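Below: one structure, written as structure tokens.
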Amino acid sequence: MRIRNIFLLISILPLAAVQGCRGELPVLPSEPVEVNPWDTVSGDICGFYLLNEGNMGSNKASLDYYDYTTGVYTRNIYGERNPNEVKDLGDVGNDIKIYGGRLWAVINCSNYVEVMDVQSVRHITKIAVPNCRYLAFKDRYAYVSAYAGPVKIDPDARIGMVVKIDTATLEIVDSCIVGYQPEEMAVVGNKLYVANSGGYRVPDYDSTVSVIDLVSFEELYKIPVGINLHRLEPDRYGNLYVSSRGDYYDVPSKTFIIDTRTDVCTDTLHLLPNSNMTLCGDSLYIYSTEFSYLTNDWTVSYAILNTVTRQVVTRSFITDGTDNNIQVPYGLAVHPVTKEFFVTDAKDYVSPGTLHCFSPDGRRKWSVTTGDIPAHIVFTHQPLIPFEK
């Protein structure tokens, strides 16, 4: 079933409200700091962008950049490079990807996807998508999951959708209804998998993964998995790892495995809670910040799962004890060449966070202050062009 583009018009008004000149509002300058001048570039990765979510309602989403050629980390690079864009990036940066020479950022509560040039970070366009969440790409198209309704806990919250964007024209060309409050997506072959959370309909969570045929752009079926699904990560053996946040009471967070050849959930890793994950080779890095309303306490873990054996290699991939200094682990990334990894700390969610870089054996190499709620990292093969005033 599809939603025709007439529905998407509901997002045009909020987008129009933020278009135009910044006027007399100040442009915050970027903040460079040398954090790691000792390493050299490995492979052809020049650096990475870090998208800071910013606290909801504050319009403080921001973009940072780390340059492997200089060891310099620069905070808040978007504003000075785009002085005519009102309110900088907008309200809540929810995902970031690079595709087709462009940097794509999902700005959730501002109801748009920001598209920039990957080397200059110059604004190209904003694509209106209501309550957008995550990105995926295949061939000529970008796919954006969307809650499609207002930011509100509501037992009658509307069903979600995935919109299809032509990356050449940057226009929405189609939409497909999925489950309630869809989150991350993954492309496997000609199928798009979408994790449905149902988070706005608590306690009546969704518990399915939608499977969309990318040729017809129709939902084929839903796979029953577990409640309150969030993240997806495909391995190279045809398996799709799915995280469930549980209900924060009696149902704990878990990790599920779907066989994408049969589209059946084949395994449940009950003892592997999952808040965020990323795959590097055959190693699935998973951290969990599991909160229980029964105990009013957090349980934090850092695990690596071998995707070949499906065995937990370690439950503490930070080995030097510096994890004790991380208040709220939030973002996670692994350098595909060096295997060094990054964990961000959201701290109190309203003040600047911290990015920690670790060696492959889990020892902290360096740390740096970020924007508020550092969340999403994307590595780039094209260096950021220096800013000229």
Side-chain angles (χ1 to χ4, degrees), residues 26-55 58-83 85 88-89 93 96 98 103 105 114 116-122 318 320 322-335 337-360 362-389:
V27 177
L28 296 178
S30 62
E31 302 172 44
V33 57
E34 188 177 62
V35 296
N36 183 33
W38 311 282
D39 286 352
T40 57
V41 177
S42 297
D44 60 350
I45 293 175
C46 299
F48 61 80
Y49 294 99
L50 187 151
L51 179 64
N52 301 285
E53 290 188 357
N55 194 37
S58 66
N59 281 301
K60 289 180 68 176
S62 63
L63 189 65
D64 301 347
Y65 180 75
Y66 177 69
D67 189 336
Y68 275 112
T69 66
T70 62
V72 172
Y73 186 91
T74 306
R75 292 179 57 190
N76 194 35
I77 65 173
Y78 182 87
E80 66 183 7
R81 290 168 181 256
N82 299 281
E85 293 304 303
D88 286 348
L89 268 178
I96 189 167
I98 293 173
L103 186 63
E114 170 77 20
M116 299 158 273
D117 177 81
V118 71
Q119 286 194 270
S120 66
V121 189
R122 291 287 188 179
I318 298 174
D320 61 357
T322 54
D323 54 305
N324 293 325
N325 299 323
I326 299 176
Q327 290 178 246
V328 182
Y330 206 81
L332 178 65
V334 181
H335 191 296
V337 178
T338 67
K339 305 300 187 290
E340 68 184 9
F341 61 89
F342 301 85
V343 178
T344 69
D345 186 352
K347 298 186 179 296
D348 60 2
Y349 294 101
V350 294
S351 56
T354 303
L355 170 69
H356 301 284
C357 175
F358 295 88
S359 62
R363 297 181 177 275
R364 188 177 70 86
K365 295 176 63 177
W366 51 266
S367 301
V368 66
T369 299
T370 65
D372 295 3
I373 315 182
H376 311 281
I377 291 174
V378 61
F379 295 96
T380 178
H381 299 276
Q382 299 174 279
L384 176 67
I385 298 172
F387 173 67
E388 296 183 4
K389 297 182 180 180

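Keep in mind it's a predicted model, so treat the numbers as computed, not measured. In what follows, every heavy atom counts, from backbone to side chain, and hydrogens, waters and symmetry copies are set aside.
Taking F342 as the reference, F48 meet the ring-ring contact (aromatic ring centres under 6.0 Å, His included) condition, with sequence neighbours excluded. In terms of the side-chain hydrogen bond (donor to acceptor under 3.5 Å, both in side chains) criterion, residue partners of T322 (sequence neighbours excluded) are, by chain and number, D320. With sequence neighbours excluded, the residues that form a salt bridge (Lys or Arg N to Asp or Glu O under 4.0 Å) with K365 are D39, E340. By the salt bridge (Lys or Arg N to Asp or Glu O under 4.0 Å) test, R75 pairs with E31, sequence neighbours left out. With sequence neighbours excluded, the residues satisfying side-chain hydrogen bond (donor to acceptor under 3.5 Å, both in side chains) with D67 are T69. Shown here are the ring-ring contact (aromatic ring centres under 6.0 Å, His included) partners of H356, two or more places apart in sequence or in another chain: there are none. Scanning for ring-ring contact (aromatic ring centres under 6.0 Å, His included) contacts around Y68 gives Y66, H335, with sequence neighbours left out. For E114, the salt bridge (Lys or Arg N to Asp or Glu O under 4.0 Å) partners two or more places apart in sequence, or in a different chain, are K126.
Residue pairs meeting the side chain to side chain donor-acceptor pair (under 3.5 Å) criterion with at least one partner in residues 379-388, sequence neighbours excluded, are D44-H381. The salt bridge (Lys or Arg N to Asp or Glu O under 4.0 Å) analysis of residues 349-359, with sequence neighbours excluded, yields no pairs. A salt bridge (Lys or Arg N to Asp or Glu O under 4.0 Å) check over residues 347-358, counting only residues at least two apart or in different chains, returns the pairs D345-K347.
When all heavy atoms of F379 and V334 are compared, the pair lying nearest together is CE1-O, 3.4 Å. Closest of all the heavy-atom pairs between T354 and S367 is CG2-CB, 4.0 Å. In plain terms, the two heavy atoms of M116 and L63 that are nearest each other are SD-CD2, 4.3 Å. The minimum heavy-atom distance between P383 and Q119, with the atom names listed, is O-NE2, 3.2 Å.
With hydrogens and angles disregarded, a donor-acceptor distance shorter than 3.5 Å links the side chain of D117 to the backbone of S120. Put simply, the side chain of T74 never gets that close to the backbone of P32: no donor and acceptor are under 3.5 Å apart.
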field: side chain to side chain contact (heavy atoms under 4.5 Å, CB included) between V343 and I326, intermediate numbers included
entry: CA-CA 9 Å; V343 178; I326 299 176; 4.1 Å; yes
- request: Could you walk me through whether V121 and Y49 pass the side chain to side chain contact (heavy atoms under 4.5 Å, CB included) test, one step at a time?
  value: CA-CA 10 Å; V121 189; Y49 294 99; 3.7 Å; yes
task: Please assess L355 against I377 for the test side chain to side chain contact (heavy atoms under 4.5 Å, CB included), listing each intermediate value before the final yes or no.
output: CA-CA 10 Å; L355 170 69; I377 291 174; 4.0 Å; yes
query: Would N36 and Y73 count as a side chain to side chain contact (heavy atoms under 4.5 Å, CB included) if you check the C-alpha gap in whole Å, the side-chain angles of each, and the deciding distance to 0.1 Å?
result: CA-CA 9 Å; N36 183 33; Y73 186 91; over 6 Å; no
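Proximity of Y65 to L50: side-chain heavy atoms (C-beta onward) are nowhere separated by under 4.5 Å. Side-chain contact between L384 and R81 is present, with heavy atoms from C-beta onward closer than 4.5 Å.
L89 contributes atom CG, which lies 8.0 Å from atom CD1 of I96 (distance to the nearest 0.5 angstrom).
Using a 3.5 Å distance cut-off with no hydrogens or angles, the side chains of N52 and D64 do pair a donor with an acceptor. For E53 and Y330, the side-chain atoms include at least one donor-acceptor pair closer than 3.5 Å.
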Which side-chain N or O atoms in residues 368-375 pair as donor and acceptor under 3.5 Å with protein atoms at least two apart or in another chain?
| unit_1 | atom_1 | unit_2 | atom_2 | d |
| --- | --- | --- | --- | --- |
| T370 | OG1 | G353 | O | 3.3 |
| D372 | OD2 | K60 | NZ | 2.7 |

